[in-house]
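A note on names: the letters A, B, ... follow the listed sequences, proteins ahead of strands, and every chain is numbered from 1.
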Number of protein chains: 2
Amino acid sequence: MDSAGIRDRALDAAEELFYGRGVQSVGMDDVRSASGVSLKRLYQLFPSKEQLVEAYLERRDGRWRGRLAEYVEQYGEPRERILAVFDWLGRWFGEPGFRGCAWINAYGELGATSARVAGQVRAHKRAFRDYLASLVDAAGLPGALAGQLFLLAEGAMVTAGVTRSAEPAAEAREAARLLLRTL
Amino acid sequence: MDSAGIRDRALDAAEELFYGRGVQSVGMDDVRSASGVSLKRLYQLFPSKEQLVEAYLERRDGRWRGRLAEYVEQYGEPRERILAVFDWLGRWFGEPGFRGCAWINAYGELGATSARVAGQVRAHKRAFRDYLASLVDAAGLPGALAGQLFLLAEGAMVTAGVTRSAEPAAEAREAARLLLRTL
DNA sequence: ACGGTAGGAGAACGCTCGTTCTCGCGTCAA
DNA sequence: TTGACGCGAGAACGAGCGTTCTCCTACCGT
């Protein structure tokens with residue numbers, strides 16, 4: 001098994017555990033058991049748990065935004081693309097094992113103690129907001145709308161996570177539709 | 001010093017520490033140092049750390065919703081009262097030491113491991129949503145609006161916490177104003 | 001075949017922290 | 001006065017866990 005494949009296996013296990021149970025309640029030993037990657041290898045690839053956490057968030061960030069963009073690409077009409085963001089959120093919320101936004105959760109857990117994790121959360125949220133701003137701009141709509149859509153999406157993520165329901169996506173979509181309609 | 005006063009002192013210290021640094025990174029010893037209440041007393045009043053955490057969240061819930069309602073009471077016109085919620089959020093976000101929503105943070109930290117904390121978070125959010133629904137209802141507006149305003153408020157809390165800025169409150173207020181205007 | 005190296009399993013180490021225990025002191029009723 | 005009691009200070013205990021170390025096995029080039 002090559003080093004990249006082992007790294008993937010470790011990150012796969014870390015992601016499932018960290019996302020599902022929180023970072024602090026998962027030990028390096030749990031990651032070893034779940035991944036089959038020995039502690040020695042784990043520490044060769046990630047010299048500390050915090051670096052494993054950072055790698056987990058970074059890889060998930062790329063995948064999350066990639067999946068969102070891929071879904072939105074299906075739509076051609078600029079306003080439809082904006083609403084598609086909320087449709088995609090609804091699909092995500094309905095996936096088995098959904099437990100809220102990984103970055104919001106990580107911020108609650110580690111934001112006060114790990115400046116690097118806090119920075120990654122801010123970077124992820126800024127990237128998501130910028131993406132919304134690009135959709136708004138492409139539709140020729142005023143820039144202020146992006147911030148409002150962003151707040152709706154964040155509120156939907158938090159609420160879906162806490163209540164374990166996909167419905168906030170539909171509520172946010174409807175609010176977004178009303179905001180679009182006035183423009 | 002009577003038992004109730006000691007309990008208050010303990011909760012005051014616990015609240016400041018738990019809210020400011022997160023629950024897991026604060027030890028019972030830290031609470032003792034900050035409050036001046038001995039460990040023996042602490043464990044008499046709260047037989048376990050989890051119960052101290054629950055008491056912290058419960059007392060904060062009452063105060064938080066009380067302060068919000070008190071602020072909103074100042075306004076007579078039903079639609080103004082709805083917008084006043086977002087004004088109050090902006091004031092809260094600007095307070096020194098603001099570190100986001102205590103319940104969202106607690107959910108990220110403990111939601112996966114403590115069913116009781118998760119339940120308290122859900123109860124707090126439900127109560128806040130119900131309060132918004134009562135304002136919407138009093139204004140004779142459709143019930144669906146309450147969910148949309150709730151998402152805006154939640155998104156603003158999360159974003160203000162992560163970015164350490166009070167601005168999301170103004171953005172959410174503007175979105176709320178636009179949603180109200182169409183009705 | 002064989003010395004050297006990489007790697008796995010898991011023990012070991014050291015620290016943190018929730019919780020309990022010990023000890024000594026002051027208080028108060030009889 | 002005295003003895004039981006409450007309490008604070010802080011040591012002690014035990015578990016969990018991040019990190020490192022030991023030991024053993026398997027494979028490599030020569």
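The CG atom of B/Leu42 sits 15 Å away from the P atom of D/dG10 (whole-angstrom rounding). Atom-to-atom, CD of A/Gln44 to P of D/dC21 comes out at 13 Å; the value is rounded to the nearest Å. Rounded to a whole Å, the CZ atom of B/Arg21 is 13 Å from the C1' atom of C/dC17. Atom CD1 of B/Ile6 and atom P of D/dG6 are 15 Å apart (whole Å). For B/Phe46 and C/dG18, the CZ to C1' distance is 16 Å, given to the nearest whole Å. If you measure from atom CG of B/Leu45 to atom P of D/dG6, you get 15 Å, rounded to the nearest angstrom. Following rounding to the nearest Å, A/Lys49 (NZ) and D/dC17 (C1') show an atom-to-atom distance of 8 Å. For the pair B/Arg41 CZ and D/dG6 P, the interatomic distance rounds to 11 Å; values are reported in whole Å.
Using bins of under 30°, 30° to 60° and over 60° for the plane-to-plane angle, the ring pair B/Tyr71/B/Tyr75 lands in the tilted bin. Relative ring orientation between B/Phe150 and B/Phe128 is described as tilted, the plane-to-plane angle lying within the 30° to 60° band.
Applying a 4.0 Å cut-off to non-hydrogen atoms, the residues of residues 24-40 of chain B that approach DNA chain D are B/Arg32, B/Ser38, B/Lys40, listed by residue number.
For A/Arg60 and A/Tyr19, the positive end sits near the middle of the six-membered ring, less than 6.0 Å away and at most 45° from its axis.
Between B/Asp29 and B/Arg32 a salt bridge is recorded (basic side-chain N to carboxylate O distance below 4.0 Å). Taking 4.0 Å as the cut-off between side-chain N and carboxylate O, B/Arg81 and B/Glu73 count as a salt-bridged pair.
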Using a 3.5 Å cut-off and no angle test, enumerate the donor-acceptor pairs between side-chain atoms of residues 117-127 of chain A and protein atoms at least two apart in sequence or in another chain.
| from | atom 1 | to | atom 2 | distance (Å) |
| --- | --- | --- | --- | --- |
| A/Gln120 | NE2 | A/Glu54 | O | 3.1 |
| A/Arg122 | NH1 | B/Val162 | O | 2.8 |
| A/His124 | ND1 | A/Asp61 | OD1 | 2.6 |
| A/Lys125 | NZ | A/Glu154 | OE1 | 3.1 |
| A/Lys125 | NZ | A/Glu154 | OE2 | 3.1 |

